[in-house]
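To start, the structure under review is shown below, and the notes come after it.
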2 protein chains.
Amino acid sequence: MPSAVPLAQRPKRADGRRNYDGILQAARAAFESQGTEASLEDIARSAGVAIGTLYGHFATREALIEAAVREGLESLCASAAAQENSAEPDVALAAWFRQAVIHCSIYRGLVGFLASSSYHEGTPLHHSCVKMHDTGGRLLERAQRAGLVRADLTPEHLFTMLTSAAWARENDTPRSGGSEWLVDLLIEAMSQSADEAQLDGVRGT
Amino acid sequence: MPSAVPLAQRPKRADGRRNYDGILQAARAAFESQGTEASLEDIARSAGVAIGTLYGHFATREALIEAAVREGLESLCASAAAQENSAEPDVALAAWFRQAVIHCSIYRGLVGFLASSSYHEGTPLHHSCVKMHDTGGRLLERAQRAGLVRADLTPEHLFTMLTSAAWARENDTPRSGGSEWLVDLLIEAMSQSADEAQLDGVRGT
DNA sequence: ACCTGAACACCGTTCAAGT
DNA sequence: ACCTGAACACCGTTCAAGT
C-alpha cells in the first residue's frame, strides 16, 4: 500500500471530472487571493456546484489544498531528480532550495499545513512532504559528500529551514527584512569552506 | 500622542476590573492550549461573563491577544535594556534573541499576528513590535560596533530571523529539525569572525 | 460605567433524496 | 456514480435594554 490516506481522485465519469476540475480551478484562485482559509462555500459557488459536491470530491479542506498543490510539488521534486547529476552539488542544492521555498509559499497558510503534515502520517499532505524530504535529502547528501555543505545537516534540518523561509516569504512586506535575504543567509549558513571540509575529513566524518 | 490605536485598558470600576482580569486569565489559558484562534465565546464562558462583556473590554481578537502578551514583551525589552551594558555585546544579543524567540511563540498563532502587525500602524500589536525592533536594533548596533556581528544586518533582518525561528518553534515536533537548532544556526550566521571584521575595517564599514 | 443576552450573519459539515 | 440543497451546529459581532 503506497499511501494509507485516500487522496482526492479525479472521477471517471465525465460530469464528475468536469466538476472536480472546476472546483480545483476555483480553489486555486481563491487560495491565491485569500489564502488557504478561503471559504469553501465561496469556492463551490464560484465553481457553479453545490457545497455537497465539493465535499464529495474533497473530504476535507486539507484534501483540497493537497490536490491544488500536488502537481507543483511533484514537478519540483521531479526537476530536482533530473538535475541531480548535472550541476555542481552545492549549486544544485541551493537552486532547489530556492525553488522549494517559492513552491511552499504560493498560498498564504500553505506552509502551516505542510509543517504539520510532515511528521503526521495519515494526513493528505504527508506524502508530498515525505517526497520533499527525500529529494532534498538526496541533494543534501550529495553536497555533503563533496564536502561543500556542513556534514551535521540532516534532511529534517533542511525541511525546517525550508518551511521557515517559506513562512517568512508568505509574510513578506515591502518594509520587512525580506525573505529573499533570509534564503541567502540560510544557504550561506549551510555551506562550509574547504578548510572546514578538510577538518571533517581528518575527523573521519 | 504615543499611540493612535486605543489599546485595551484596565477599567477603573471594581467590577469591571474583576471581569477584565478574569477574561484575560481565561484567554491566556485558552491561547496556551488552543492557540490564538481559540473561541472567544468559550473564553467569555469560562471567565463567567457574557460575550458582550468580552467585546466591551477587548474590541477585537487582536486587542485581546495584545493584552495577553503585553507584559511579557514589555519585560523582555526591559531586561534587554538593563543588560545592555553588562554582558559582551554578542552574547547579550544572542541571549536576547533566544528569549525573544520563546516570547514570540508562547501561543500558537501569535507570531503570525506579530509579523503582520510589525509594519502595519494602527494595529494593536504594532506598538509592541516597534519596541522589539528598537531594543533588538540597539543590541545589534552595539555588537556591530564591536565588530562581532555582520555589519550588513539591519533591525528588520533581525526581526525576520526572530519571527521565522519563533514560527519554527511554534511548529516544533519531536521528530522535526528542531527550532532550537535553527536558533543556533541563525545566531552563528549573524556573527562574524575577527578577520572579517578587520576586512570591514579596511573597507571603512 | 459597565453588563447582559438575544439577534443576525456567516460558515463548515452531513445526509436523505434525487438523477 | 454523482449531484443537490436543506438542516444542523457553531461561532463572531452588534446592540437595545438593563443596573
Side-chain angles (χ1 to χ4, degrees), chain A residues 5-27 29-31 33-68 107-109 112-113 116 123-124, chain B residues 5-27 29-31 33-68 107-109 112-113 116 123-124:
Chain A
V5 206
L7 300 184
Q9 253 184 330
R10 246 181 128 227
K12 303 199 174 149
R13 237 171 66 176
D15 57 341
R17 221 163 33 219
R18 242 194 327 270
N19 286 337
Y20 181 94
D21 293 341
I23 292 167
L24 217 43
Q25 187 180 346
F31 291 159
S33 64
Q34 331 202 58
T36 51
E37 299 303 322
S39 158
L40 296 182
E41 279 187 338
D42 280 355
I43 292 174
R45 213 184 333 261
S46 81
V49 301
I51 182 64
T53 306
L54 188 150
Y55 277 95
H57 290 296
F58 310 96
T60 71
R61 161 170 255 119
E62 210 182 319
L64 180 56
I65 297 173
E66 191 277 333
Y107 306 139
R108 155 171 295 257
F113 283 95
S116 65
T123 202
Chain B
V5 206
L7 300 185
Q9 253 184 331
R10 244 182 130 228
K12 303 197 176 149
R13 236 172 65 177
D15 57 341
R17 220 164 32 220
R18 239 192 332 267
N19 286 336
Y20 181 94
D21 293 341
I23 293 167
L24 216 44
Q25 188 181 344
F31 291 160
S33 63
Q34 332 203 53
T36 52
E37 299 303 325
S39 159
L40 296 183
E41 280 187 338
D42 279 355
I43 291 174
R45 211 181 336 257
S46 80
V49 302
I51 181 65
T53 306
L54 188 149
Y55 277 95
H57 290 296
F58 309 96
T60 71
R61 160 170 255 120
E62 210 182 319
L64 179 55
I65 296 172
E66 191 277 333
Y107 307 139
R108 154 170 297 256
F113 283 95
S116 67
T123 203

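In what follows, every chain begins at residue 1, and chains take the letters A, B, ... in the order their sequences are listed. The structure presented is a predicted model; accordingly, all values stated were derived computationally and were not measured.
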(request) Could you tell me the separation between the CZ atom of Arg18(A) and the P atom of dA1(D), rounded to a whole number of Å? (result) 18 Å
(request) Enter the distance from Leu54(A):CG to Asn19(A):CG here, rounded to the nearest 0.5 Å. (result) 10.0 Å
(request) Figure out the CD1/P separation between Ile43(A) and dC11(C), and round it to whole Å. (result) 12 Å
(message) Nearest whole Å is fine: how far is dA7(C) C1' from Glu41(B) CD?
(response) 13 Å
(request) Identify which nucleotide among dG12(C), dC3(D), dG5(C) has an atom closest to any side-chain atom of Thr53(A), counting heavy atoms from C-beta outward. (result) dC3(D)
(request) For His57(A) and Ala8(A), work out which heavy atoms get closest and say how close. (result) O-CB, 3.8 Å
(request) Can you tell me the pairing partner of dT13(C) across any strand shown, Watson-Crick or G-U wobble, with both distances under 3.5 angstrom? (result) dA7(D)
(request) Would you kindly give the CZ-to-P distance between Arg17(A) and dA1(D), to the nearest whole Å? (result) 15 Å
(request) Could you tell me the separation between the CZ atom of Arg45(B) and the P atom of dG12(D), rounded to a whole number of Å? (result) 10 Å
(request) Summarise protein proximity over nucleotides 14-19 of chain C in one line of letters, 5' to 3': B for base, S for sugar-phosphate only, - for none, counting protein heavy atoms closer than 4.0 Å. (result) B-----
(message) So which atom in Tyr20(B) and which in Gln9(B) form the shortest heavy-atom distance, rounded to 0.1 Å?
(response) CE1-O, 3.4 Å
(request) Name the pairing partner of dC2(C), where a pair is Watson-Crick or G-U wobble with both distances under 3.5 Å, or state none. (result) dG18(D)
(request) Measure from CZ on Phe58(A) to C1' on dG12(C) and round the result to the nearest Å. (result) 17 Å
(message) Suppose we screen for ring pair (Phe, Tyr, Trp, His ring centres under 6.0 Å). Which residues come up paired with Phe113(B), at least two apart in sequence or across chains?
(response) none
(message) On DNA chain D, does the nearest nucleotide to Glu37(B) precede the nearest nucleotide to Gly48(A) from the 5' side, or the other way round? Give the residue.
(response) Gly48(A)
(request) Provide, to the nearest angstrom, the distance between the NZ atom belonging to Lys12(A) and the P atom belonging to dC2(D). (result) 9 Å
(request) Measure the distance from OH on Tyr20(A) to P on dC2(D) and round it to the nearest whole Å. (result) 12 Å
(message) Students often get this wrong, so: under 4.0 angstrom with heavy atoms, is Ser39(B) touching a base, only sugar-phosphate, or nothing?
(response) sugar-phosphate
(request) Just compare dG5(C), dC3(C), dT4(D) and give me whichever is closest to any side-chain atom of Asp15(B). (result) dC3(C)
(request) Tell me which nucleotide among dT13(C), dT4(D), dT13(D) gets nearest to the side chain of Val49(A). (result) dT4(D)
(message) Salt bridge check, Arg18(B) against Asp15(B): does any charged N sit closer than 4.0 Å to a carboxylate O?
(response) no
(request) Would you check if Arg10(A) and Asp21(A) make a side-chain contact, meaning some heavy-atom pair closer than 4.5 Å? (result) yes
(request) Please report the shortest heavy-atom distance between Ala63(A) and Phe58(A), naming the atom on each side. (result) O-CD2, 4.1 Å
